[in-house]
Amino acid sequence: MTTSVIDQAEFRKAMAEFPSGVTVVTALDEQGGLVGFTASAFSSLSLDPPLVLVCPALTSATYPHLVRGKRFAIHILAAEQQALAMAFASKGTDKVAALEWTLSDLGNPLLAGASCVLECSLWREYEGGDHAILVGEVLRIDRCESGVLLYHRGQMSNHAHPETEAAGA
């Protein structure tokens with residue numbers, strides 16, 4: 001393992017300069033229960049086939065379930081879902097015990113109200129330092145076209161849908 005000359009705190013601050021959407025990635029554990037985590041490390045990757053990537057920490061309790069189950073759902077959170085993002089960002093096994101969810105036809109746990117949901121099967125997995133790089137093939141998309149939740153400089157903020165902003169101006 002190489003030792004970096006870049007200070008981790010400084011690197012984190014630099015990366016916080018780039019605004020990103022907030023996602024929650026969900027999967028099922030071996031007992032069929034809901035597991036998940038909040039991720040801003042998410043990106044589209046390919047149109048043909050339709051691929052996205054998400055990067056869970058290797059220490060994430062959800063990470064092994066994503067790899068073992070080989071399927072997951074990525075929820076692009078709506079502007080008003082900050083509490084949901086915080087629930088999935090917390091540590092512990094009971095962090096999502098009180099949340100309501102449904103099971104999709106593809107076997108993914110789905111949360112209501114997201115701006116967009118991408119249901120994926122695990123296509124590839126790569127090493128990425130202290131994170132894994134999971135590439136998911138998108139099998140189903142459900143969009144409601146609401147505003148999205150953004151993360152910038154360590155803060156979450158609402159971003160209204162552009163058409164909504166233009167209509168209200």
Side-chain angles (χ1 to χ4, degrees), residues 12 15-29 33-47 49-92 95-96 98-104 106-126 128-162:
R12 185 182 303 262
M15 294 300 97
E17 291 298 321
F18 184 70
S20 65
V22 181
T23 67
V24 165
V25 181
T26 58
L28 295 175
D29 64 15
L34 174 67
V35 294
F37 69 100
T38 299
S40 57
F42 161 77
S43 177
S44 62
L45 181 61
S46 168
L47 289 174
L51 302 174
V52 295
L53 62 86
V54 65
C55 304
L58 296 176
T59 57
S60 164
T62 302
Y63 167 61
H65 302 293
L66 298 172
V67 175
R68 199 173 6 239
K70 300 199 182 309
R71 64 176 173 244
F72 49 92
I74 301 171
H75 302 76
I76 299 172
L77 296 187
E80 64 277 356
Q81 291 185 300
Q82 185 170 344
L84 188 64
M86 296 307 291
F88 278 93
S90 65
K91 303 283 186 207
K95 64 183 180 180
V96 296
L99 294 177
E100 292 186 29
W101 56 278
T102 59
L103 192 63
S104 77
L106 297 177
N108 290 308
L110 303 180
L111 307 168
S115 180
C116 183
V117 178
L118 306 169
E119 291 192 70
C120 304
S121 65
L122 182 61
W123 193 71
R124 300 279 191 283
E125 176 186 8
Y126 301 98
D130 60 359
H131 281 62
I133 302 166
L134 302 182
V135 178
E137 182 173 10
V138 179
L139 304 176
R140 181 181 295 155
I141 300 171
D142 183 21
R143 297 177 55 222
C144 81
E145 299 186 24
S146 64
V148 297
L149 186 61
L150 295 179
Y151 185 73
H152 183 230
R153 294 183 177 164
Q155 306 250 342
M156 289 188 207
S157 64
N158 299 336
H159 178 66
H161 195 273

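Under the side chain to side chain donor-acceptor pair (under 3.5 Å) criterion, R68 pairs with E30, sequence neighbours left out. Residues satisfying the side chain to side chain donor-acceptor pair (under 3.5 Å) criterion with S43, sequence neighbours excluded, are absent altogether. In this structure E137 satisfies the side chain to side chain donor-acceptor pair (under 3.5 Å) test with no other residue, sequence neighbours excluded. Annotation: side chain to side chain contact (heavy atoms under 4.5 Å, CB included) contacts of A132 (sequence neighbours excluded): P56, L58, Y63, E125, L134. Looking at residues two or more places apart in sequence or on another chain, you find no side chain to side chain contact (heavy atoms under 4.5 Å, CB included) involving L47.
Within the structure, salt bridge (charged side-chain N to carboxylate O under 4.0 Å, His left out) contacts touching residues 106-122 (residues at least two apart or in different chains) are E119-R140.
With hydrogens and angles ignored, the 3.5 Å screen pairs a side-chain donor or acceptor of T38 with a backbone N or O of A85.
A pairwise comparison of heavy atoms in C116 and R143 identifies SG-CG, 3.6 Å as the closest pair. The heavy-atom pair separating G36 from T62 by the smallest distance is O-OG1, 3.0 Å. Contact between Q81 and A112 at its shortest, heavy atoms only, is NE2-O, 3.1 Å. Taking all atoms of both residues into account, the shortest heavy-atom contact from P109 to A27 is CG-O, 3.3 Å. Pairing each heavy atom of G33 with each of D29, the nearest pair is N-OD1, 2.6 Å. When all heavy atoms of C120 and G136 are compared, the pair lying nearest together is CB-CA, 4.1 Å.
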### Task
Report the C-alpha separation of V22 and F88 in whole Å, then their side-chain angles, then the decisive distance to 0.1 Å, and conclude whether the side chain to side chain contact (heavy atoms under 4.5 Å, CB included) test is met.
CA-CA 11 Å; V22 181; F88 278 93; over 6 Å; no

### Task
Take V25 and F42, measure what side chain to side chain contact (heavy atoms under 4.5 Å, CB included) needs, and give me the verdict at the end.
CA-CA 10 Å; V25 181; F42 161 77; over 6 Å; no

### Query
Going through the distances and angles, do L66 and F37 end up as a side chain to side chain contact (heavy atoms under 4.5 Å, CB included)?
CA-CA 11 Å; L66 298 172; F37 69 100; 3.6 Å; yes

Using atom types as modelled, flag every donor-acceptor pair under 3.5 Å from a side chain in residues 69-79 to any protein atom, sequence neighbours excluded.
{"unit_1": "R71", "atom_1": "NE", "unit_2": "G107", "atom_2": "O", "d": "3.2"}
{"unit_1": "H75", "atom_1": "ND1", "unit_2": "V24", "atom_2": "O", "d": "3.0"}
{"unit_1": "H75", "atom_1": "NE2", "unit_2": "L111", "atom_2": "N", "d": "3.1"}

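Rounded to the nearest 0.5 Å, atoms SG (C55) and CG (D130) are 10.5 Å apart. Going from atom NE2 of H65 over to atom CG of L34 covers 10.5 Å, rounded to the nearest 0.5 Å. For the atom pair CG (L28) and CH2 (W101), the distance works out to 5.0 Å, reported to the nearest 0.5 Å.
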